[in-house]
4 protein chains.
Amino acid sequence: MLVKARGEVVRCRAMTRSPALRDHIAAGILDSAASVLAERGESASMADIAEAAGVARATLYRYFPNRDALLRAMAEAALTDLAERVADAKLDAVPVEEALARLTRALVAATSRYRALQLLEKSSEQHDLAEARLAGPLQALVERGVEQGVFRTDLPAELLLVAYLGLFQSVAGQVFAGRLGVEEASAAITTVFLGGARTAARPGG
Amino acid sequence: MLVKARGEVVRCRAMTRSPALRDHIAAGILDSAASVLAERGESASMADIAEAAGVARATLYRYFPNRDALLRAMAEAALTDLAERVADAKLDAVPVEEALARLTRALVAATSRYRALQLLEKSSEQHDLAEARLAGPLQALVERGVEQGVFRTDLPAELLLVAYLGLFQSVAGQVFAGRLGVEEASAAITTVFLGGARTAARPGG
Amino acid sequence: MLVKARGEVVRCRAMTRSPALRDHIAAGILDSAASVLAERGESASMADIAEAAGVARATLYRYFPNRDALLRAMAEAALTDLAERVADAKLDAVPVEEALARLTRALVAATSRYRALQLLEKSSEQHDLAEARLAGPLQALVERGVEQGVFRTDLPAELLLVAYLGLFQSVAGQVFAGRLGVEEASAAITTVFLGGARTAARPGG
Amino acid sequence: MLVKARGEVVRCRAMTRSPALRDHIAAGILDSAASVLAERGESASMADIAEAAGVARATLYRYFPNRDALLRAMAEAALTDLAERVADAKLDAVPVEEALARLTRALVAATSRYRALQLLEKSSEQHDLAEARLAGPLQALVERGVEQGVFRTDLPAELLLVAYLGLFQSVAGQVFAGRLGVEEASAAITTVFLGGARTAARPGG
DNA sequence: GATGAATGAGCGTTCATTCAT
DNA sequence: AATGAATGAACGCTCATTCAT
């Protein structure tokens, strides 16, 4: 439930008192930030966020050294949440196809929190850094698919993963936008990706 | 060859004299802006852009009333450029698969200019408004694919398009990042999408 | 009737064509400027003035190299006007006291044009430079008064002049403000100054 | 000793913490501003003033919402200062003539601060509003003079006051300019005004 | 020679970030 | 440890002045 806390990234100031309290406040801030960001988009100011969280601006900075750190912490929180769901999905226990479907459904369902991540798509660091948590299991799954001969081998596994993520992000976006239900979106992502990544697939020519 | 021109968006001040000259200068500014933005990211200031373009900041504002307008104009310019390439690809003249491959190659190749668009992905307006130019032919292609029985019919054409775009954006991003060549990326996008969108494709089960 | 023209101050650009036409245009500009300045105060922009005069901003600059020059030209025009009135008053022909009364009446009456001068009070140059035209006769008058034993000799003539000008400016301001008629103002200026400057006057103690 | 304080004009932002500190800083800024303005004239930029005051431009704006407010505050401060000196002079305790001499000496001596006011002479508001503080005692003095038969009654007291102010401003200006010492200036103002305003004075005719 | 555009400087503002209390 | 204030950088804008046509 804790959100980012004494992790390796922040920890800059505010190291005293009970860490539990710290985490609690930090979590509260992140929650407020998430809703403010979701409403007002990335244009929301630190002042807005601080106010929504009920703390002074300077206090906000005590917890998150700068705007970027806050956003990254939010992403981290979301990713942690998603990673949990992925872990819960026991992907290893089922065939690759089934695992992919299950995974996708879980992620799309959790997608509302994921929204904040959209904001970070470009600050590339988090791709490398934070997404590791989520990407790990995905990567593993894709690699298993390759090894088991389910996925084509003419493309590197990383590229397949990139393809999946793009597909996911784009179609999941339709769910945000209210143009698609969770089920339809999940099915679309899964089937299109499987179709495109399966061994059988032969390029158009 | 001119880029944004006497269009409906800008035209705020500086409306006199030869429109051709105006457009030429505006195009130059957009070019400079594109490279600055590409290098320094969205953090580049208007002053930076003005300097790069070799004009005074006030002049910059003469041409683009504010930062947002400038970015939107850049997106427009990029889209126009891409749209031209798509038009040049004569997609109607060849089978859907071939058309898709050609289209993808053209877009990926032009992708460097496309980078600026990344910055705008979220200012949604342009998605609806400007992208129409580019989305039109793509949509048409996908719809042709559906009609000709090349593409699966259990997913709406729009969704297939969304899937393609996500795939494209994600994989093309690898080209930006220097992790992939144009050819590999194009092939990956094309084959994965075709595999996933083809009639033959059967959901994971 | 001509206003500033081929004088020693401006003459910067616009030296061609018929000097008559030039002067005429310049006079027109000064007239427009005077009314605009009178209405809007010194906050009136060059654009406002140019528009009121019916010329392009750049043309305005052709006639008056900068804002200051324009204002100075206006002051000059006003001063010329006043100087004329002073000359007409034949101050030399009458006793000092009478001359002073006449002079004051003439100046106060012409005071409406003088308004523009208010704006320049602080740009000291004109005190030295332009006011010479007007100050000359005044100075002469005061000096005559001193020589003839009408005015006190314990104060330098220049200081008496300064005192007169302050008195004039302040009381004449009441006429601008509509709080005083020309006659009352003139009488007040004259009698107070004469009382204060006359030989008889004895300091407070 | 503090200068403008929790008054009715400023107080825009920065309203918290100790008002004493606020006032102190504001006073410091006004002091710096006064010297900068005195040196460079009204052309001094907000940046110049901020630098001279040793604060950031943004901070300057925190204390004074705009240039005009700053200038007005300076005028207020100067007037308050002058008003204090006038109050200290105990004008009521001595005969009118002596009071006038004392007053004038006090004002001329304080005149260096007064210089900033020159800049504002035309922004009429302060004439009506702020000068009340200073004009009150002066008016009272003049009225006393009239009542006691010291000053002539053929001119309204207000006009005598106007005359005094004009005289003062003009002659005090010579002190600014370094062309006159404090004593000479004071004596000139006093004797000329008394001579002109005394009952005995008879108009030139 | 008159014009539109360009320039540079300043204004007033917002905001992320830092400092002093 | 939390706060208000300070900072610096940028934004969007206006305007006097200059340039190129």
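Chain identifiers are assigned alphabetically (A, B, ...) following the order of the sequence lines, protein sequences preceding nucleic acid strands; residue numbering begins at 1 within each chain.
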Whole Å only: how far is the CG atom of D/D48 from the P atom of E/dA9? 12 Å
Given the structure, check if the side chain of B/R67 and the base of F/dG12 hold any donor-acceptor pair shorter than 3.5 Å. no
For B/N66 against B/M46, the heavy-atom pair lying closest together: C-CE, 4.0 Å
A/R62 side-chain N/O to F/dA1 phosphate OP1/OP2 under 4.0 Å: no
F/dG12 pairs with which nucleotide, Watson-Crick or G-U wobble, both distances below 3.5 Å? E/dC11
Does F/dT21 have a Watson-Crick or wobble partner in any strand here, with both distances under 3.5 angstrom, and which is it? E/dA2
Is C/Y61 close enough to F/dT17 that one of its side-chain N or O atoms is under 4.0 Å from OP1 or OP2 there? yes
Nearest-nucleotide 5' precedence on DNA chain F, B/S45 against C/A47: B/S45
Would a distance-only check, ignoring hydrogens and angles, find a side-chain to backbone donor-acceptor pair under 3.5 Å from D/T59 to D/V55? no
Rounded to whole angstroms, how far apart are CE on D/M46 and P on F/dT7? 14 Å
Ignoring the backbone of D/N66, work out which of F/dG12, E/dG12, F/dA6 is nearest its side chain. E/dG12
Of the listed nucleotides E/dT18, F/dA2, F/dA6, the one nearest the side chain of A/Y63: F/dA2
Does the side chain of C/T59 get closer than 4.0 angstrom to OP1 or OP2 of E/dT3 through an N or O atom? yes
Under 4.0 Å, counting only non-hydrogen atoms across every strand here, what does B/I25 touch: a base, just sugar-phosphate, or nothing? sugar-phosphate
Is any side-chain heavy atom of C/L70 closer than 4.5 Å to a side-chain heavy atom of C/Y63? no
Rounded off to whole Å, could you give me the CD-to-P distance for the B/E51 and F/dC11 pair? 13 Å
Is there, by distance only and without an angle test, a donor paired with an acceptor across the side chain of D/R57 and the base of E/dG10 below 3.5 Å? no
How close or far is atom P of E/dT17 from atom CD1 of A/I49, stated in whole angstroms? 11 Å
If you find the nucleotide of DNA chain F closest to D/A56 and the one closest to A/G54, which residue's nucleotide is nearer the 5' end? A/G54
To the nearest Å, give me how far apart CG (B/L37) and P (F/dA10) are. 14 Å
Would you kindly give the CG-to-P distance between A/L60 and F/dT3, to the nearest whole Å? 11 Å
Between atom CZ in A/F64 and atom C1' in E/dC15, what is the gap in whole Å? 19 Å
May I have the distance from B/L70 (atom CG) to F/dG12 (atom C1'), rounded to whole angstrom? 13 Å
If you define the side chain from C-beta out and look only at heavy atoms, does anything of C/F64 sit under 4.5 Å from C/L30? yes
If we ignore hydrogens and angles and just use 3.5 Å, is the side chain of A/D31 paired with the main-chain N or O of A/G28 as donor and acceptor? no
